[in-house]
Structures are given as structure tokens and as C-alpha cells.
Amino acid sequence: MSRTVIVFLEDCLLAATGREGRYPVLDKVERVRLQGQGDSFDRWQQALTGLSAEWKTGQAQLVLPVNMCSARVLKLPYGKGKQLADMALKEVEDNFRNEVADYSIICADKKEGVEICAGGADAGQLDRFENICREAGFTIRGMTVPMEGYLRTLQGLDSYWKGTAIYLFFDEGSMTSVLCQTGHYLYSGRSRIFSEPGTLDFGTEIVRSISGILQFCASEKRDIPITDIYYVGCPEEDFEVSIEGLAAMGLKAEHMEVDRRISIPAGERPGEWITCIGAMIYGGKKEKQIDLYGENKKNAEKGQKAVSLWKHLLMPAAVLLACLIPTIAVAVMNLKVAGDNVKKQEWLGSTQVQGQYRRALELERELGEINGSIEAVRRTDENLSTYPEITADVLHRIENAGGAGIECRITSYDASTGVLTFEAVSRGVIDGPDYILKLQDSGLFHSVDYLGYAYENDWYTLALSGTLEGQSAQEGEGK
């Protein structure tokens, strides 16, 4: 079956079309560099619009950028059919509470259980991807995360099934590391590469990232002899600067070759299109794939149905209530009117009641003035809504989330957006995923992103970026 794939990267757009399958055939590929600066969605939309009309004839599978989605590989007890689907959905819901999420099955074994690749993204950002594609003339088939394609590509390698190795996927200034052992996922991480490819600093960054993985294995007390590294998406001449440092750690690095049965246009390097290839690997209709686009639509439809049902129930209830109220009121009034009219006239005419009535009017006026003042204060407070200051108390709460021995170093803070970039430093190994979950549950952050892991001079450094929860001026003063 024909498929078009659009891969969103930080500084460019990849497009590929061809036949999907276990060994896909890419007929045509195109790389579009993003122009200008500013909002990424505006730049992506400009690139999409610039693609020729032949790219827009079918439905497109979108691969989201790694910095706008999250992916986790989760292990479940063995199951199949509805039992497996229920377990997988429950696990995905527990791990992606604030995101639209879906999953695909990576492998299933009766003895070792089931591994699923789960991906998630913010609903608002998914809507923006849909909007820019629709305005550029594309019809969307689905949305997935890069990790799903990486794992499907690895399943076509002999080294993935026979040994233990670290696989490096380079992608426009970032590197995703995946540790696998005899066909099973163990660990993954993403690092930003800030140095120019091919320079000594570039090699140092790669070696530091690999060192972090080895430290992770040591901290987990895993008896895993890691000797091989395979890399893709980086030219061999650029990667050479890291060979000596890796060899010093007892590691041998090789360029990762994709299955020869996968076809790409003549003159193209498979490694440069690895994300497109991974998105086209498909085992058939029975194979479950990640589709964040479909899940986002389902969530939106559920919300609309709930509103619609409420509206349908509200109308009959309102009509019934409107009919009952006049009937009851008329009946009661008819019973009392004769005996009450005289008493009411006498009561209303008394001097005491007239004085109380005037006093009530005066109090009502004063209450209206007070309510107006309260509303003005509330609006002022909303207008002064801001993000919290980075105080010693905030730093202390960030450090406490990781337990004893962790120090926090702030690298940058944007008070206008609430984005805080910091490093957690410790002489002991930091459990990155657990620390990130604790930070998200601390109430300080709306979201937390992993930027990298390093080990140097007996210190472990975990680089993170988080968006602080906003607060009003009143709340800030009260803390």
C-alpha cells in the first residue's frame, strides 16, 4: 500500500513516499530546510506549502519532532486480544495522564511478557500540526513518534536479536540512544548535540552520553557486557572523532546498515532517511500502530457527545419545569389569595415595615458597591498573573524531589514563559525517569523535559527543562 511520510525536525522537513510493508520501498524523498526564525509551526507550514502538488495526493503519516512528544517502552504480562488491549490502555493512561497517548506492540513472548512502545503529545500541539497540514493541502492519515520507527527498524537487524548493543540515532542536532539486549529494549535517552559535527567537542559529547548509559547499567546492577555501538544518521567521517574515546571504554563502533531488502532512491544514504523508513515499516492490518491523530479525534468527539447529551436532556427538563412551575404557583396562589390579601395590606402599611424596607434598600446599594470593588480586585489579580520567582524555597523543593545528595544548578529562566532550565548534580547516580516523575508530581511544574545525562569528575549531571505552574500575584505573596 502506498504511503506518504512527513517528518518534522527542528530545522528541516523530511518527505518520503513509497510502498509500506515489512521491507518498504521509498520511491521519492525530499528534504526541505526551514527558512527564517520564530515560531516552528509557521516555519513548518511554509515548508509544507512549498512542497509540490504531487506530495499532497494521498494521506500523510506524520512523525512528530522529538522535542514535542514523549515515548516510553512499557512491559506487560503476557496476554492477547481484549485482555492485552485493556492492560495496555491502563498502562498508557497511568504513564501519560496529561497527554493524548497511544501505543504499538513491539514484541510478545509467553515467558517474558509483552513490550509496547507508547507515545504521547499535548492535544493543543496535535491540533496545530493538523491545522498547518490542512492549510498546506495535506490529508492526515495518522501521527506517531520517532521511537516507534526506530524500534521497528532495529527488529530487522541481526545484532538486535543476537547481542547487547547501544544504537545511536542522529537527527538534526540531537542524538537518541537505545540500549537493547537480545531483542529486548532496556533503556533510551535523548541528548542535544551543541558542537559542530566532526569536531573534538562533538566526539566528547558523544562519549559523555555513552558514559551516562554505562553508569545507568552499573547503578541498576545489570550484568550486561556492552561491547558494540551502532550509529546511523551521522556521516562516518564526522563520527570518527569519538572512536578513540569509545575504544578507551572497551566499545567498538560501527555504522548501522539497514536491511538490504529495504529500497531507497539511487544516490541516497539510508541513514539520512531512517525516520521515514521506520514510519513505513508495517506488518499488515492486524498490527497495532501508534496513532495520536486518531486518539485526539476520539477525545474531541467524546467531549462533543457529552455536551450534546447534556443539551438533549436539558431541553425536556427545562420544558417540564417551565410547565410545572406556573401550574403549582397558580394553585397555591388561588388557595391563599383570599385570606392573605387583607393581612398583607395591613402589614405593608405599618410604620415599622416601611422603615425596614428603606433600610433594606440602603443595604442593597452598599452591597452592590462592595461586590463591584471585589470584582475589580479579582480582575486586577488576573491581570497580574505571573510565574513564580525562583527562590531558595523553589530550589529546595526541586532538590528534595530527587532525594538527599542532589544539588540544583539553574542554567536559565524565562519569567515570561515560565521555562526553567537546570541541572541536577550528584555524586551518586540519578534515576532520571523517577526524578522527572517526582518533579511533575511536586506541583511546581506543568511539564518537565529531559535534555541529557553526563558523568564527569565523579559527578553525575542530569540536564532538565521544565515549565513552571503559573500563579496569581496574590498566591505569590501568600507563599
Side-chain angles (χ1 to χ4, degrees), residues 1 3-8 20 59-108 113-134 138-155 176 178 185 188 190 275-305 433 437 440 447 449-450:
M1 183 181 295
R3 174 178 289 194
T4 298
V5 173
I6 304 293
V7 179
F8 293 88
E20 65 184 13
Q59 294 182 323
Q61 176 82 354
L62 309 185
V63 182
L64 305 180
V66 291
N67 62 327
M68 291 188 181
C69 63
S70 54
R72 295 172 189 161
V73 176
L74 308 173
K75 295 186 178 181
L76 308 174
Y78 180 77
K80 56 184 179 179
K82 187 176 185 302
Q83 180 191 26
L84 175 58
D86 291 342
M87 285 193 298
L89 288 174
K90 178 65 169 60
E91 195 71 18
V92 169
E93 289 175 358
D94 290 343
N95 282 272
F96 297 84
R97 297 180 181 179
N98 300 318
E99 296 178 308
V100 176
D102 195 19
Y103 72 95
S104 64
I105 298 174
I106 301 302
C107 65
V114 179
E115 290 182 8
I116 64 173
C117 176
D122 178 74
Q125 291 187 335
L126 294 178
D127 290 337
R128 293 193 70 183
F129 279 110
E130 179 184 358
N131 291 337
I132 63 173
C133 289
R134 185 180 65 252
F138 283 89
T139 301
I140 300 176
R141 172 179 177 171
M143 297 181 185
T144 185
V145 296
M147 181 60 72
E148 181 183 27
Y150 294 160
L151 294 175
R152 293 194 185 281
T153 302
L154 292 179
Q155 289 180 327
T176 300
V178 184
Y185 167 99
S188 66
R190 172 179 172 263
T275 311
C276 297
I277 291 172
M280 283 194 174
I281 297 177
Y282 182 47
K285 293 182 178 179
K286 293 183 179 181
E287 185 176 76
K288 176 77 173 69
Q289 291 185 299
I290 293 176
D291 182 12
L292 299 180
Y293 174 72
E295 288 300 312
N296 196 34
K297 289 295 184 186
K298 288 180 184 178
N299 291 345
E301 290 173 359
K302 287 180 181 178
Q304 292 174 355
K305 286 181 179 179
L437 288 176
Q440 291 175 334
S447 62
D449 293 322
Y450 168 79

Using a 4.5 Å cut-off on heavy atoms from C-beta on, say whether the side chain of Met68 contacts that of Phe8.
no
What is the minimum heavy-atom distance between Val114 and Gly79, and which atoms define it?
CG2-N, 4.0 Å
Considering residues, nucleotides and ligands other than Asn98, do more than 12 of their heavy atoms fall under 6.0 Å from its CG?
no
Can you tell me if NZ on Lys80 sees more than 12 non-hydrogen neighbours from other groups inside 6.0 Å?
no
So which atom in Thr153 and which in Gly278 form the shortest heavy-atom distance, rounded to 0.1 Å?
OG1-CA, 3.6 Å
Measure the SG-CG distance between Cys117 and Leu151 for me, rounded to the nearest 0.5 Å.
5.0 Å
Note: Val7 and Cys276 closest approach over all heavy atoms is CG2-SG, 3.7 Å
Apply ring pair (Phe, Tyr, Trp, His ring centres under 6.0 Å) to Tyr103 and list each qualifying residue two or more places apart in sequence or on a separate chain.
none
So among Ile6, Leu62, Val100, which one has a side chain to side chain contact (heavy atoms under 4.5 Å, CB included) with Met143?
Leu62
Would the distance check show the side chain of Arg3 and the main-chain N or O of Ala279 forming a donor-acceptor pair, the cut-off being under 3.5 Å?
yes
Quiz question: by atom type and distance under 3.5 Å, do the side chains of Arg128 and Asn131 form a donor-acceptor pair?
no
Mark yes or no for whether Arg72, through its side chain, and Asn95, through its backbone, hold a donor-acceptor pair below 3.5 Å.
yes
Whether Glu148 side chain and Ile290 backbone form a donor-acceptor pair below 3.5 Å:
yes
Spacing of Ile106 atom CD1 and Lys75 atom NZ [to the nearest 0.5 Å]
12.5 Å
Which distance, rounded to the nearest 0.5 Å, do you find between the OG1 of Thr275 and the CE of Met147?
11.0 Å
CG of Asn299 to CG of Leu292: how many Å apart, nearest 0.5 Å?
10.5 Å
Search all heavy atoms of Ser70 against all heavy atoms of Phe96 and return the closest pair with its distance.
OG-CE2, 3.3 Å
From Asn296 atom CG to Gln125 atom CD, the distance as rounded to the nearest 0.5 Å
11.5 Å
Nearest heavy-atom contact between Gly120 and Val145 is N-CG1, 4.4 Å
From CA spacing to verdict: salt bridge (Lys or Arg N to Asp or Glu O under 4.0 Å), Glu20, Arg152:
CA-CA 13 Å; Glu20 65 184 13; Arg152 293 194 185 281; over 6 Å; no
Say whether, by atom type as modelled, one donor and one acceptor occur between the side chain of Gln61 and the main chain of Thr144 under 3.5 angstrom.
no
Exercise: do Asp449 and Asn67 side chains pair donor with acceptor under 3.5 Å:
no
Just verifying a value: how many Å separate Glu287 CD and Ser104 OG, rounded to the nearest 0.5 Å?
7.5 Å
At their closest point, which heavy atom of Tyr293 faces which heavy atom of Arg141, and how far apart are they?
CD2-O, 4.3 Å
Please tabulate, for the side chains in residues 81-92, all donor-acceptor contacts under 3.5 angstrom to protein atoms that are two or more places apart in sequence or on a different chain.
from, atom 1, to, atom 2, distance (Å)
Lys82, NZ, Asp86, OD2, 2.9
Lys90, NZ, Asp94, OD1, 3.3
Lys90, NZ, Asp94, OD2, 2.7

Is the shortest distance from a Lys or Arg side-chain nitrogen in Asp102 or Lys288 to a carboxylate oxygen in the other one below 4.0 Å?
yes
